[in-house]
Amino acid sequence: METVKALVLSGGAGTRLRPITHTSAKQLVPVANKPILFYGLEAIADAGITDVAVVVGDTENEIRQAVGDGSAFGLDVTYLRQEAPLGLAHAVRIARDFLGDDDFVMFLGDNFVFGGINDCVDQFRKERPDAQLLLTRVPDPSAFGVAELDDLGRLVGLEEKPRQPRSDLALVGVYLFGPAIHEAVAAIRPSQRGELEITDAVQWLLEREHDIRSTVITGYWKDTGNAADILDVNRRLLDLLEYRVDGDIDEASEIVGRVRVEAGARIRGSRIVGPAIIGAGTLVEDSYIGPSTSIAQECVIRNSEIEFSIILQESVFDGIRRVEGSLVGRNVRVTLGPRVPATHRLVIGDHGRVQISS
């Protein structure tokens with residue numbers, strides 16, 4: 001079996017997820033109480049790949065602390081520093097010594113591919129093209145790298161974030177490459193965005209008649225670059241949740257459906273409707289937690305209602321009705337403010353008519 005390595009990109013700034021990413025790496029934002037990056041590492045390990053380089057940037061220390069040496073995932077992890085976000089092809093350049101002439105999977109650390117990557121890695125190992133791309137149909141292809149296929153389904157062109165896309169086929173954040181990609185990334189120049197685009201490198205190979213394959217996937221894939229996409233991934237993962245209670249639930253509480261209550265969590269006088277997960281050490285008291293909600297570790301939810309949301313660790317909600325479709329960071333306190341008497345200040349001319357309902 002040919003050696004296949006993995007290159008995992010975890011250096012992006014995550015500007016679309018601010019303010020969450022002002023203080024945290026976007027790849028470590030949890031879905032179903034587990035960092036999105038961990039799902040990618042698990043998929044790589046499940047595909048039989050063990051030698052992994054993680055490309056990091058300004059959040060290097062946080063990524064290192066979370067992933068460690070990779071042994072928790074069955075991986076051997078090397079860290080490569082990218083001094084600035086200069087593009088996916090630039091990440092391949094700085095990984096040249098690590099990759100050698102081995103085939104490799106490039107996996108974007110904030111992407112989620114439902115069902116893993118086993119099939120595409122197995123196919124790549126058997127057929128060994130110079131590059132294999134995964135494509136999926138999206139409603140707004142201008143936000144992605146876009147592939148153009150001919151009538152026979154063969155790849156004929158690629159373009160990065162085009163203003164006028166030639167198709168609705170976006171590149172999924174999983175790429176498989178043979179050693180020919182190194183010649184391509186060395187040959188290209190920065191785009192108008194100032195980045196070395198991986199689409200330009202693959203286009204370079206394509207124009208020189210290298211063997212480039214593409215597969216249109218129909219399964220679930222998300223680039224979790226914004227809060228809406230993260231909430232959607234969280235919802236889909238929670239749909240797979242199995243009922244399990246390791247925490248303490250009192251008799252005044254009600255648990256409905258697929259709910260996971262982790263060890264040390266306490267549920268008091270509350271109603272939890274799954275799918276939902278309550279993190280270790282969290283207190284939920286006199287509250288309602290609705291479907292598609294992940295509450296992280298060591299939170300306090302008191303006299304509040306939360307649904308279809310992600311609440312990160314050590315956050316407090318007290319007396320809040322109602323929170324929905326929200327992504328809330330770590331160590332946040334959401335409480336009721338003082339009530340301000342309603343006041344109307346009016347200047348009304350002669351013969352005026354005014355109706356005030358409250």
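Quick note: numbers below take in every heavy atom, side chains included, and nothing from hydrogens, waters or symmetry partners. Throughout, numbering of the chain's residues begins at 1 and tracks the sequence.
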Any V67 side-chain heavy atom under 4.5 Å of Y79 side chain: yes

Nearest heavy-atom approach of I94 to R81 is CD1-O, 3.7 Å

Between I117 and A43, which heavy-atom pair has the shortest distance, and what is it? CG1-O, 3.8 Å

Check each of N111, V113, L108 against V174 using the side-chain contact (heavy atoms from CB on, under 4.5 Å) test, and report the only one that passes. V113

Non-hydrogen side-chain atoms of D103 and L176 separated by less than 4.5 Å: no

Examine distances only and state if a side-chain atom of D46 and a backbone atom of N118 form a donor-acceptor pair shorter than 3.5 Å. no

Would you find a donor on one side and an acceptor on the other, under 3.5 Å apart, between the side chain of R258 and the backbone of D239? yes

If hydrophobic clusters are built by linking Ile, Leu, Val, Met, Phe, Trp and Tyr wherever their side-chain heavy atoms come under 4.5 Å apart, do L241 and V256 end up in the same one? no

Nearest-0.5 Å distance that lies between atom CD1 in I278 and atom CZ in R260: 11.5 Å

Salt bridge or not between E307 and R322? Use side-chain N to carboxylate O under 4.0 Å. yes

Could you report the tightest heavy-atom contact between Q203 and V156, atom names first, then the distance? NE2-O, 4.4 Å

N-O pairing of R235 and D232 below 4.0 Å: yes

Check whether S167 reaches the backbone of A147 with its side chain - one donor and one acceptor, N or O, closer than 3.5 Å. yes

If we count only N and O atoms by modelled type, under 3.5 Å, do the side chains of N234 and S294 hold a donor and an acceptor together? yes

Correct closest heavy-atom pair for R189 and L196 would be C-CD2, 3.6 Å

Do you reckon V328 sits in the same ILVMFWY cluster as V316, going by side-chain contacts under 4.5 Å, direct or chained? no

Reported CZ-to-CZ distance for the pair F98 and F104, which is rounded to 0.5 angstrom: 10.0 Å

If you draw the axis of the six-membered ring of F144, does the NZ or CZ of K161 fall within 45° of it and under 6.0 Å from the ring centre? no

Return the orientation label for the F73 and F38 ring planes: parallel under 30°, perpendicular over 60°, tilted otherwise. perpendicular

M106 pairs by side-chain contact (heavy atoms from CB on, under 4.5 Å) with which of I181, V92, L99? V92

Without swapping roles, check the side chain of Y39 against the backbone of V31 for a donor-acceptor pair under 3.5 Å. yes

Quiz question: by atom type and distance under 3.5 Å, do the side chains of E195 and H90 form a donor-acceptor pair? no

Got I230 and I310 here, is their nearest side-chain heavy-atom distance under 4.5 Å? yes

Side-chain heavy-atom pair L171, L135 within 4.5 angstrom cut-off: yes

For the CD atom on Q164, are there more than 12 heavy atoms of other groups (residues, nucleotides or ligands in this structure) within a distance under 6.0 Å? no

Between F114 and F112, what is the ring plane arrangement, given parallel below 30°, perpendicular above 60°, and tilted in between? tilted

Could you tell me whether D140 atom CG has more than 12 heavy atoms of other residues or ligands within 6.0 Å of it? yes

Approximate separation, where rounding is to 0.5 Å, of L37 CG and I63 CD1: 5.5 Å

Could you tell me whether the side chain of Q123 reaches within less than 4.5 Å of the side chain of T215, counting heavy atoms only? yes

Run the salt-bridge test on E314 and R330 with the 4.0 Å N-O cut-off and return the result as yes or no. no

NZ/NE/NH1/NH2 to OD/OE distance under 4.0 Å, K34 and E42: yes

Applied to residues 173-183, the salt bridge (Lys or Arg N to Asp or Glu O under 4.0 Å) test, sequence neighbours excluded, yields none

Check whether any side-chain N or O of S287 sits under 3.5 Å from a backbone N or O of N303 as a donor-acceptor pair, and report yes or no. yes

Nearest heavy-atom approach of L312 to A296 is C-CB, 3.6 Å

Contact between R244 and V261 at the side-chain level, heavy atoms closer than 4.5 Å - yes or no? no

Check the surroundings of atom CZ in R213: do more than 12 heavy atoms from other residues, nucleotides or ligands lie under 6.0 Å from it? yes

Any donor-acceptor pair under 3.5 Å linking the side chain of S304 with the backbone of G319? yes

Any side-chain heavy atom of V56 within less than 4.5 Å of one from L80? no

Cluster question for you: counting only ILVMFWY and a side-chain heavy-atom cut-off of under 4.5 Å, with indirect links fine, are L9 and L86 together? no

Pairs in or reaching into residues 196-210: which pass salt bridge (Lys or Arg N to Asp or Glu O under 4.0 Å), with residues at least two apart or in two chains? R193-E197

Could you pull out the closest heavy-atom pair between T282 and C299, with the gap in Å? OG1-N, 2.9 Å

salt_bridge(D76, K5) N-O dist < 4.0 Å: no

Salt bridge (Lys or Arg N to Asp or Glu O under 4.0 Å) for R64 and D69? Distances and angles first, verdict last. CA-CA 8 Å; R64 280 180 177 269; D69 63 2; over 6 Å; no

Could you tell me whether the side chain of T293 and the main chain of F308 form a donor-acceptor pair under 3.5 Å? yes

When you look at CG of D246, are more than 12 heavy atoms from neighbouring residues, nucleotides or ligands closer to it than 6.0 Å? yes

Kindly compute the distance separating CG (L206) from CD1 (I212), expressed to the nearest 0.5 Å. 6.0 Å

Tell me which one of I311, I267, I306 satisfies side-chain contact (heavy atoms from CB on, under 4.5 Å) with I289. I306

Sequence neighbours excluded, every pair satisfying salt bridge (Lys or Arg N to Asp or Glu O under 4.0 Å) that has a member inside residues 273-287: E285-R302

Between the side chains of D248 and R266, is the shortest nitrogen-to-carboxylate-oxygen separation below 4.0 Å, so that they form an ion pair? no

Rounded to the nearest 0.5 Å, how far apart are CD of Q297 and CD of E262? 6.0 Å

Got I44 and V52 here, is their nearest side-chain heavy-atom distance under 4.5 Å? yes

Using a 3.5 Å distance criterion without hydrogens, assess whether the side chain of N33 forms a donor-acceptor pair with backbone atoms of I295. yes

